[in-house]
Every structure is written in structure tokens, then in C-alpha cells.
2 protein chains.
Amino acid sequence: MPQHLIRKLEQFACLAPADKRALEDAAARKVRLFGPHQDIIGEGDEPEHVNLILEGWACRYKQLEDGRRQIISFFLPGDLCDPHVFVLREMDHSIGTITPVRLAEIHRDQILHVTEEHPRITQALWWEMLVTAAIQREWTVNLGQRTGRERIGHLLCELFIRLRGVGLTEGDSCLLPVTQVDLGDATGLSNVHVNRVLQELRASGLIVLRGKRLTIPDLEALQRVALFNLNYLHLYREGPDFDANGSDQPLA
Amino acid sequence: MPQHLIRKLEQFACLAPADKRALEDAAARKVRLFGPHQDIIGEGDEPEHVNLILEGWACRYKQLEDGRRQIISFFLPGDLCDPHVFVLREMDHSIGTITPVRLAEIHRDQILHVTEEHPRITQALWWEMLVTAAIQREWTVNLGQRTGRERIGHLLCELFIRLRGVGLTEGDSCLLPVTQVDLGDATGLSNVHVNRVLQELRASGLIVLRGKRLTIPDLEALQRVALFNLNYLHLYREGPDFDANGSDQPLA
DNA sequence: CGGCGGCTTGAGCTGGATCAATTACCGTGG
DNA sequence: CCACGGTAATTGATCCAGCTCAAGCCGCCG
């Protein structure tokens with residue numbers, strides 16, 4: 001079931017068949033379905049388990065008292081919503097679906113068990129946590145320094161490359177099941193302005209966007225326009241003989 | 001030496017004397033001094049150890065090719081710069097000082113050793129990592145949704161409360177050793193505009209700022225103006241009989 | 001005393017916001 | 001097959017928060 005997670009982790013580590021089976025097992029215990037635009041967990045709730053997105057898109061968001069809403073990150077298939085969140089008492093933000101979502105609820109004991117038995121997975125989850133943090137930092141840069149066109153371009157690059165990492169692109173295109181309002185909430189722009197920026201990107205041939213399908217004919221060109229530097233996604237890969245046992249896991 | 005770190009962690013967990021000794025020991029091995037406006041580690045470098053700020057202010061930042069610079073987070077005394085960073089091959093951002101800084105370089109094995117022997121510390125470091133991530137998310141909201149005055153107000157609230165947590169406030173005031181350019185780089189505003197916002201906050205009596213000393217006569221008022229909600233700092237505290245052994249550590 | 005980094009202030013400009021329609025795109029029921 | 005209703009995309013017009021440029025000022029240090 002969790003092919004996407006496995007595929008993602010394999011960008012970093014080589015997992016043995018037993019590792020994969022352990023992940024499959026953990027993700028099969030409890031599967032839940034959500035409709036579009038539904039909260040998976042809300043601010044103030046107590047997190048009880050780790051959610052693994054199996055299918056569909058979701059997002060982390062925060063709403064200010066006066067209604068302004070910021071999307072803090074997108075969750076794509078294969079993404080884990082905080083593999084450790086139960087250390088904290090309550091959620092300081094919400095997680096909601098964008099499309100219909102199928103997810104696996106993984107109990108904390110499961111996580112504990114899997115990571116105890118499978119050092120490669122532990123190592124790979126560390127990598128995934130650190131990359132998630134790096135993405136969050138990059139969003140800070142995006143919102144703080146980039147212009148509208150750069151922000152949107154950057155976000156599209158990131159999403160495309162992340163989707164590619166879990167096998168959800170076809171050639172130079174992918175699905176982009178978000179509204180322009182969502183894009184605005186993620187980039188700190190108004191929906192009207194998002195619309196205009198998208199037109200501009202279309203007009204300069206940097207993207208093709210029809211319905212929910214995004215095509216990026218020349219990814220490098222878009223990256224250039226958006227000042228997108230791949231390094232923060234840390235997509236190097238350890239050698240095939242990589243063995244997590246050989247390198248100690250910090251904090252573990 | 002690492003009183004600030006200990007004090008910070010004690011906001012969350014009760015540390016035994018042995019725990020504190022272990023932290024003191026780890027932080028005493030290798031101490032380094034930096035001048036102001038110096039890089040501690042740069043983008044592209046390979047991280048070799050964990051840095052613990054003992055004294056002074058530093059920041060994480062990222063510079064775009066054309067010179068635009070975003071401060072991604074501030075490091076205050078007691079802050080750890082990524083207690084796990086060596087999982088990644090190279091830095092995707094830089095860390096630089098603001099004031100002169102005294103820091104402890106902690107070797108990864110040290111961290112490993114301390115966390116193996118001291119579950120309460122492990123738990124507390126998890127808490128600190130998660131709060132760091134929450135702060136990063138809040139910055140995303142800050143940059144994406146808040147107005148200039150709200151952004152600056154929010155940042156000042158956050159810094160004040162974090163400083164208070166490590167014992168570096170005196171009553172309603174603290175040191176704020178950053179330039180207005182720095183504040184601009186952190187909030188995505190121009191230095192000129194930062195200046196005007198500060199004037200405005202001063203004029204409305206929300207802050208007193210003379211030289212490097214910031215006074216917040218009415219913190220709640222400033223919080224209200226900045227739409228600052230304390231919850232993301234997770235400053236509840238476990239009971240005095242809290243014992244990390246009783247609650248499993250995830251991923252460990 | 002002169003130089004320099006940082007703070008202030010003024011003036012004019014603009015990226016992006018807001019407000020207000022209008023139009024395209026469904027999915028649904030008749 | 002079409003009419004209907006709701007959501008999302010688009011367009012136009014106007015406004016403003018925050019930017020840029022430029023100059024002056026202040027305090028500190030060599």
C-alpha cells in the first residue's frame with residue numbers, strides 16, 4: 001500500500017525487502033477515507049497517531065482570528081504528518097484535505113516498533129523529517145523574499161519534483177488538484193494575483209496548465225525564473241551498499 | 001555552562017542532577033568564540049557537529065543569487081543548531097552570528113551517548129526540536145499573512161518570550177542586539193519600512209526601544225496587536241513527577 | 001576630526017490588494 | 001439533451017502598503 005512512502009524513502013536509502021514489509025504492515029492496520037476539504041485534525045486537538053497519506057493531497061494550515069488563512073505545507077502521497085507529534089500536548093495548527101484522501105493511521109507504538117527493528121527505516125525517516133524542515137525553511141524564503149511570479153514558480157517546481165520522487169508524474173506533467181485560492185493561501189498572494197501570475201507564466205511558455213493538469217515543458221527554465229535551487233531537497237542517494245547500521249542514528 | 005539550555009529544557013521536563021551534569025559535560029568539551037557578523041557554517045559545507053549557543057545571538061539565513069537575504073530563524077542562548085543535522089550531506093543554508101557568540105561544539109557521538117543514557121533529555125530534546133519546527137511554521141504564517149506592524153510585533157513577542165524562557169529578560173525588558181536591516185531580513189520588509197513600523201509601535205506605547213534595549217510595557221497588548229497566540233511555543237510543563245521512562249520516545 | 005555604520009525622514013512609484021462583475025466549468029436533476 | 005446552481009477562473013478598475021531612491025543625521029571609534 002505505501003508504495004509512495006517506500007519510493008520516497010528509497011530516494012535516500014536502500015531498503016531491504018523486510019524493511020518494506022514492515023512499512024506495508026504498519027500502513028495497513030488502519031486506513032481511513034476523507035472527502036475533499038475536510039479537517040483531518042484541528043488546532044487544539046490532541047494528536048493520537050501518525051498519519052500517512054496514501055492517496056490524495058492535504059495541507060497543513062493555520063487560520064488567524066480574522067479569517068486570513070495560510071497554508072503552511074502540502075502533503076502529497078507518501079508524506080507523513082509528523083512522525084513524532086505526540087510529544088506535544090496539542091496541535092498548534094490544523095491539517096485538512098484538499099482532494100479526497102486515503103490515509104493510514106499509524107499508532108505510535110507501531111512507529112516505535114518499526115524503527116527499533118529497522119535501522120535503515122529509522123535513518124530514512126530522519127532524512128524525511130529533515131527534508132520536511134528544509135522545505136519549511138525554503139517556504140520562509142519564498143514568502144519573505146520572492147516576487148509573486150517567483151513564488152508561484154518556485155512552488156510549482158517543488159511540487160513537481162516532490163511528485164516525481166514518488167512516481168506521480170508522467171514525463172513533464174503532473175496533476176495539480178488545487179484551486180487558485182489554495183495557491184494564494186500558500187504563497188501569501190490574493191487569488192486574483194495568482195491568476196494573473198499564472199497567465200503570465202503561461203504566456204511565457206513556462207507552464208501549461210489546463211484543468212487540473214500541469215505541464216512544465218522546460219523545468220530548468222522555470223527553476224531559473226523562480227530562483228529554485230534543488231539542494232534543499234537533499235536528493236543525493238547513499239550508495240547501494242549503504243547500511244544504516246554503520247552510521248549511528250542521532251537522538252536514538 | 002549551558003545554563004540557558006538547561007533552563008529552556010526545564011520549561012518542559014524535570015531534569016535530574018545527573019541529567020544536568022551530562023549536559024554540562026557535553027557542552028564543555030569544545031567551546032569556540034566568534035565575532036559579530038561571522039559565518040559559523042556556510043551553505044554547502046558539511047556539518048560535523050551540533051552547535052549549542054552559549055552566549056550571544058546568531059541566525060540561520062539564506063541568500064539568493066541576486067543578494068536578497070532572508071533570515072530564517074534566530075538562535076538565542078540555549079539554542080541548538082539542529083541536533084541531528086549530520087544525517088544530511090551538506091548544509092542548504094548558512095548560520096551566522098549577529099553579536100559575538102560563544103558556542104559549544106558537540107560531537108555527534110556525545111549527543112548519542114547523552115540521549116542513550118538520559119531518557120529525560122531525549123524527551124526534552126524532542127520537545128525542543130518540535131517547538132523549533134513550530135516556530136518555523138509560525139514564521140511562514142507571519143510572512144504570508146501578517147501586515148508589517150503585525151509581523152514586527154509578532155517577532156518581538158516571540159523573541160521576548162523565548163528570552164524569558166532562558167532567563168534573559170529583566171522584568172518587561174530585554175536586549176535586542178539586532179539592526180533594523182536584520183529585522184527587515186527576518187520579516188521580509190525593507191529597512192525603511194521596519195523603521196516606520198517601529199516608530200508607530202513606539203508612538204502607540206506598545207514598545208520602548210532605546211539603543212539595544214527593548215521594553216514591552218504591556219505584553220498582552222502587543223500580542224493582541226500582532227495576533228500572537230502563545231500556543232505554538234508549547235510552554236506547558238509536565239508535572240514534577242514527570243518521568244520520560246514512562247512514555248516511550250518515538251523514533252528512538 | 002573624519003569616516004562609517006546605522007537610524008530617520010521625505011518623495012514618488014509599484015506590486016499586489018480589494019472590489020465588483022462576468023464568464024467558464026462542472027455535476028445534477030428533470 | 002438541456003436548464004440550473006454552485007464553484008472556480010478571469011477581467012477590469014481603483015487603491016494602498018510597502019518599496020526605492022536620496023539625503024540628512026547621529027553616535028561611535030580610530
Side-chain angles (χ1 to χ4, degrees), chain A residues 35-38 57 64 66-71 97-100 142-155 175-203 207-214 225-227, chain B residues 35-38 57 64 66-71 97-100 142-155 175-203 207-214 225-227:
Chain A
H37 305 292
Q38 241 182 296
W57 285 39
L64 301 184
D66 61 6
R68 279 176 278 175
R69 170 170 177 266
Q70 176 70 37
I71 291 182
T97 63
I98 290 175
T99 66
N142 213 24
L143 291 165
Q145 298 300 325
R146 286 190 251 261
T147 66
R149 118 190 303 240
E150 290 164 353
R151 284 186 215 184
I152 299 277
H154 196 280
L155 179 59
L175 289 182
L176 187 76
V178 299
T179 67
Q180 295 183 357
V181 171
D182 292 331
L183 288 177
D185 287 350
T187 53
L189 301 170
S190 71
N191 58 337
V192 175
H193 197 58
V194 167
N195 183 283
R196 288 178 174 136
V197 168
L198 286 177
Q199 313 244 1
E200 210 186 302
L201 291 175
R202 276 193 273 233
I207 63 170
V208 179
L209 186 55
R210 281 212 325 276
K212 297 286 162 220
R213 175 154 297 273
L214 166 70
V225 163
L227 302 177
Chain B
H37 306 293
Q38 243 183 293
W57 285 40
L64 303 184
D66 61 7
R68 280 176 276 175
R69 171 172 177 265
Q70 176 69 37
I71 291 182
T97 63
I98 290 174
T99 67
N142 213 26
L143 291 165
Q145 299 299 327
R146 286 191 251 262
T147 66
R149 114 187 309 238
E150 290 163 352
R151 283 186 215 185
I152 300 276
H154 195 279
L155 179 59
L175 289 182
L176 186 76
V178 300
T179 66
Q180 295 184 356
V181 171
D182 292 332
L183 288 178
D185 287 349
T187 54
L189 301 170
S190 70
N191 58 336
V192 174
H193 197 58
V194 167
N195 183 283
R196 288 178 173 136
V197 168
L198 287 176
Q199 313 244 3
E200 210 186 301
L201 291 175
R202 276 193 274 236
I207 63 170
V208 180
L209 187 56
R210 281 213 322 278
K212 298 288 163 219
R213 175 153 298 272
L214 166 70
V225 164
L227 302 177

Nucleotide of D:dA8, C:dC7, D:dC19 approaching A:T179 most closely (side-chain heavy atoms): D:dA8
Stepwise side-chain contact (heavy atoms from CB on, under 4.5 Å) test for A:K212 and A:L176: CA-CA 5 Å; A:K212 297 286 162 220; A:L176 187 76; 5.8 Å; no
Length of the CG-P vector between A:L214 and D:dA9, whole Å: 14 Å
Candidate nucleotides C:dA17, D:dG18, C:dG10, ranked by approach to the side chain of B:V192 - the nearest: C:dG10
A:R210 CZ - C:dC25 P separation (whole Å): 11 Å
Identified side chain to side chain contact (heavy atoms under 4.5 Å, CB included) partner of B:V178 from the options B:L183, B:T99, B:D185: B:L183
Donor + acceptor pair across side chains of B:Q180, B:N191 (<3.5 Å): no
Whole angstrom value for the distance that separates C1' of C:dT9 from CG of B:N191: 12 Å
Sugar-phosphate, base or nothing in reach of B:L189, heavy atoms under 4.0 Å: sugar-phosphate
B:R202 side-chain N/O to B:L209 backbone N/O, donor-acceptor pair under 3.5 Å: yes
Nearest listed nucleotide, side chain of A:S190, among C:dT18, C:dT9, C:dG16: C:dT18
Earlier contact from the 5' end, DNA chain C, for A:V194 and B:R196: B:R196
Euclidean distance, atom CG of residue B:N195 to atom P of D:dC26 [Å, nearest integer]: 14 Å
Atom-to-atom span, CZ of B:R202 to C1' of C:dT8 - whole angstrom: 10 Å
Of the listed nucleotides D:dT10, C:dC7, C:dG16, the one nearest the side chain of B:Q180: C:dC7
Distance in angstrom units between A:K212 NZ and C:dA24 C1', rounded: 13 Å
Candidate pair B:W57 and B:T97, rule side-chain contact (heavy atoms from CB on, under 4.5 Å), full reasoning: CA-CA 6 Å; B:W57 285 40; B:T97 63; over 6 Å; no
Distance, rounded to the nearest Å, where B:Q199 contributes CD and D:dA17 contributes P: 17 Å
Spacing of A:L209 atom CG relative to D:dA8 atom P, expressed in whole Å: 15 Å
Touch class at under 4.0 angstrom, heavy-atom based, for A:G188 against every strand present: sugar-phosphate
